[in-house]
Each structure stands twice: as C-alpha cells, then as structure tokens.
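Worksheet for the structure shown next.
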Amino acid sequence: MPRLLLAAVALLMLLIGRLANAQTPPPLRVGVAGLTHTHVHGLLGRSKRGDLVIVGIAEPNRELARRYVQQYGLSMDLVYPSLAEMLAKTKPQAVTAFGSIYEHLGVVQACAPKGIHVMVEKPLAVNMDHARQMAALAQKHHIHLLTNYETTWYGSNRQAYQLVQDKALGDIRRMVAHDGHQGPKEIGVNKEFLDWLTDPVQNGGGALIDFGCYGADLMTWLMHGERPLSVTASALHIKPDVYPKVEDDVTILVNYAKAQGVIQASWNWPYARKDLEVYGQTGSVVALDRDHVRVRRSEKDAPQDQTVPAPPAPYDEPFAYLAAVVRGTAPEDVLSSLATNMLVVEILDAARQSIKENKTVYLPRQ
C-alpha cells in the first residue's frame, strides 16, 4: 500500500509540474533594433523577469554596444552589425526599435514581411508619409505595430480617463498637456542619442516631435479617436547656440468640435515634467505625475489630492504588455495602437506645417 501511495503521489506531482509548464509560456523572443535611443535601458535592465528574452541586438556601433552589454551583463555574441543579419540568425517573434524616429520605417520594412511584430518608441514616425507606409505593411502582413510612451503606464492618466468615462466631470471642454525638461543636452543625454534627437531629418524636429507627441496621444485617447478640426502651432528657438537645427519650445492648439487641447512641449522647463489637465463641464482632474491626481468634481467642491495605484498588469509596463499582445493574452491598448498613433503623427505634421506657414491648418474630413 505505501508503494502504491508513493507512486500515486509521484504521478500527481508529475501531472502538476506538466500543468504548470503548460500554463507558463516560454519567454517571448525579442530582437532589439538599435541602441542609440536611451529608453533601451528599460528593456536591457529587465532581462531577469523571465517573460521575454533578448535573442539579438542590431547595432553597427560596436563601442556603444559594448558599453551597454557590459553594463547589463549580456554577451557581445548577441550583437549583429545589421538588422537583416540579426533577423535571419535569431528569428525573433517581436522587435523593439531603439534608433532614430526616421529609422522606424526601415525596421517595419524589414520585420513585417517576416511576420515579426514591432514596438517603436514614441512617436510612430517622422511624418505621415512614413506612417502610411508603416501602416500599410503592418496591415498587409498582419503584425502588431505598437508605439510606446512612458505616460501610457501612468496610473494617474488611467484615473483621469476613468473619471471622464464615468461622466464625473461632464463632457471634456479643455485639455492641457505639459511635457519636457530642461533640454536633452542640459540633462546630459549621451552623444549617440543627442546627435539624432537634435537632427530635423532623423527626429523630424526638436521639442515638437520629442514631447509634442505625448499630449497628442493622450488627447486622442481621451477624445475616443475624434479627429481634430484644426491645428495651430507656434515655435520658439530660444537656444539656437545649443540647438541650431531644431525648435526647442512649442505650443500647439488642437481644436475639436466642442473641446480644445493645448500641448506645451519644451526643452526649456526648469524641471522635467509630464502632467495633464482635463477640464469638463462641471469638474476637473489633473494628473500631477505618474502616481498622483488632483480632482475637483464641481465648483463647490475643494480639490482633492489622491495617490492612485499602478495600472493592472500587463498595462503597467511596456515590455510585459508587448509579450501579452503578441501571445494574444491581452488586447492592444488604445494609447499604443496604430490607429491612435496615425492620428498623433497627423497632428504633429499639421503643427509643423502651421509653424512653417504661420497659419491654422485644417485637417481633412474623413
């Protein structure tokens, strides 16, 4: 009897082990396209979480690659001189793009025909021409094409959205987004990043592209994808000695049928900020930072400061989210979706045209 009992226990443990293995998917195989965007540290520094594994890095700058792989205890065997070679030899399921914004198109051109999903850093593209080509490839080859923003993972923005959804503030009438910092050179970004971030071709502009995209993304989300009627923008070149080729301070007015968005994107703030104000017919909410909001539900109510929880997994972190979307265990989030980010690029394009021509740009009706 004891032998039968032991055998039964052993069989049960074997079945439990197999069930656990069946429920835990293997790590997502991820390739990295470029290392010049320093947001890549967020991916390189999380390799021990187990939900994904970096199988290859495409980076022609060997010295830059060596610095980063040594910093994170990785191997130079992961590094390939070109994206084509990395894809051919490592066969990733998804690729994260950490080069210039101009290079996003090339990443999608290389990955989409192979059925490899892509996540790019914000914004989606340098202009609508690139964005349309990327969208066509993603749709033709049935891949996810996601755009990552730091603010997507803020509990404060989720709370603001929920208050709007719950009609706690009335219909939106005004949104104000403040994004930026003292300037990329002032905060000490590395040379490889600074070189393209301040290039009008590789980045598509300066503060307009770097930080204007945050407000455009959040406003498109809050307005449920409503197309703006018009965009009016003005730009300043406050530090031409530091940033000779691109603007460093931009204000964008985004007009909707019954609301207005104000995007203030700058490399001239006295400190780093990513905050959002939403005003409805009856109340307001201010997302002060990642974890805090200030809510005033009516004129009679005093403002209330609240600490909010992080969004639920996998919507609390970009790479867990990428793995979940590719596996089909989580739907695409609106903030990172292709449809939302096509409109973001259209707003940025209109702002750039408005600055150049010194006039309001009316978006075509669809």
For Lys239, is there an ion pair with Asp248 - N to carboxylate O distance below 4.0 angstrom?
no

Cut-off 3.5 Å, side chains only: do Ser336 and Asp333 have a donor facing an acceptor?
no

Does anything in residues 318-352 form a ring pair (Phe, Tyr, Trp, His ring centres under 6.0 Å)? List the pairs, not counting sequence neighbours.
Trp153-Tyr321, Tyr315-Tyr321

Does Phe98 have its ring centroid less than 6.0 Å away from the ring centroid of His39?
no

Pick out which of Val246, Asp249, Ile238 makes a side-chain contact (heavy atoms from CB on, under 4.5 Å) with Trp267.
Val246

Mind jotting down which residue pairs meet the side chain to side chain donor-acceptor pair (under 3.5 Å) criterion with at least one end in residues 340-349? Sequence neighbours excluded, please.
Tyr149-Asn341, Arg227-Glu346, Ser337-Thr340, Asp349-Arg352

Over 60° means perpendicular and under 30° means parallel, so tell me whether Phe193 and Trp196 are parallel, tilted or perpendicular.
tilted

Side chains of Glu121 and His37 only: does a donor on one sit below 3.5 Å from an acceptor on the other?
no

Tested for side-chain contact (heavy atoms from CB on, under 4.5 Å) against Tyr68, the lone hit among Val32, Thr38, Ile57 is Thr38

State plainly whether the residues Asp51 and Arg46 are in salt-bridge range, i.e. N to O under 4.0 Å.
yes

Would you find more than 12 non-hydrogen atoms of other residues, nucleotides or ligands less than 6.0 Å from Gln304 atom CD?
no

Less than 3.5 Å apart, any donor N or O on the side chain of Tyr279 or Glu277 sitting next to an acceptor on the other?
yes

Can you pull out every side chain to side chain donor-acceptor pair (under 3.5 Å) where at least one residue sits in residues 102-116? Sequence neighbours excluded, please.
Ser100-Glu103

Side chains of Glu247 and Tyr243: donor-acceptor distance under 3.5 Å anywhere?
no

Quick one: name the residues clustered hydrophobically with Val286, using the 4.5 Å side-chain heavy-atom rule over I, L, V, M, F, W, Y, and just say none if it's on its own.
Leu288

Kindly give the cluster partners of Leu137, where membership spreads through any ILVMFWY side chain lying under 4.5 Å from a current member.
Tyr80, Leu83, Met86, Leu87, Val95, Leu105, Val107, Val108, Ile116, Val118, Val120, Leu124, Met128, Met134, Ile143, Leu145, Leu338, Met342, Val345

Is it the case that the side chains of Gln306 and His292 hold a donor-acceptor pair, with the cut-off being a distance below 3.5 Å and no angle test?
no

Judged by modelled atom types alone, do Glu63 and Asn61 share a side-chain donor-acceptor pair under 3.5 Å?
no

Does a donor on one side chain sit under 3.5 Å from an acceptor on the other, for Lys122 and Asn148?
no

Hey, could you give me the CG/CG distance between Asp217 and Leu343, rounded to the nearest 0.5 Å?
10.0 Å

Arg62: which residues meet the salt bridge (charged side-chain N to carboxylate O under 4.0 Å, His left out) condition with it, sequence neighbours left out?
none

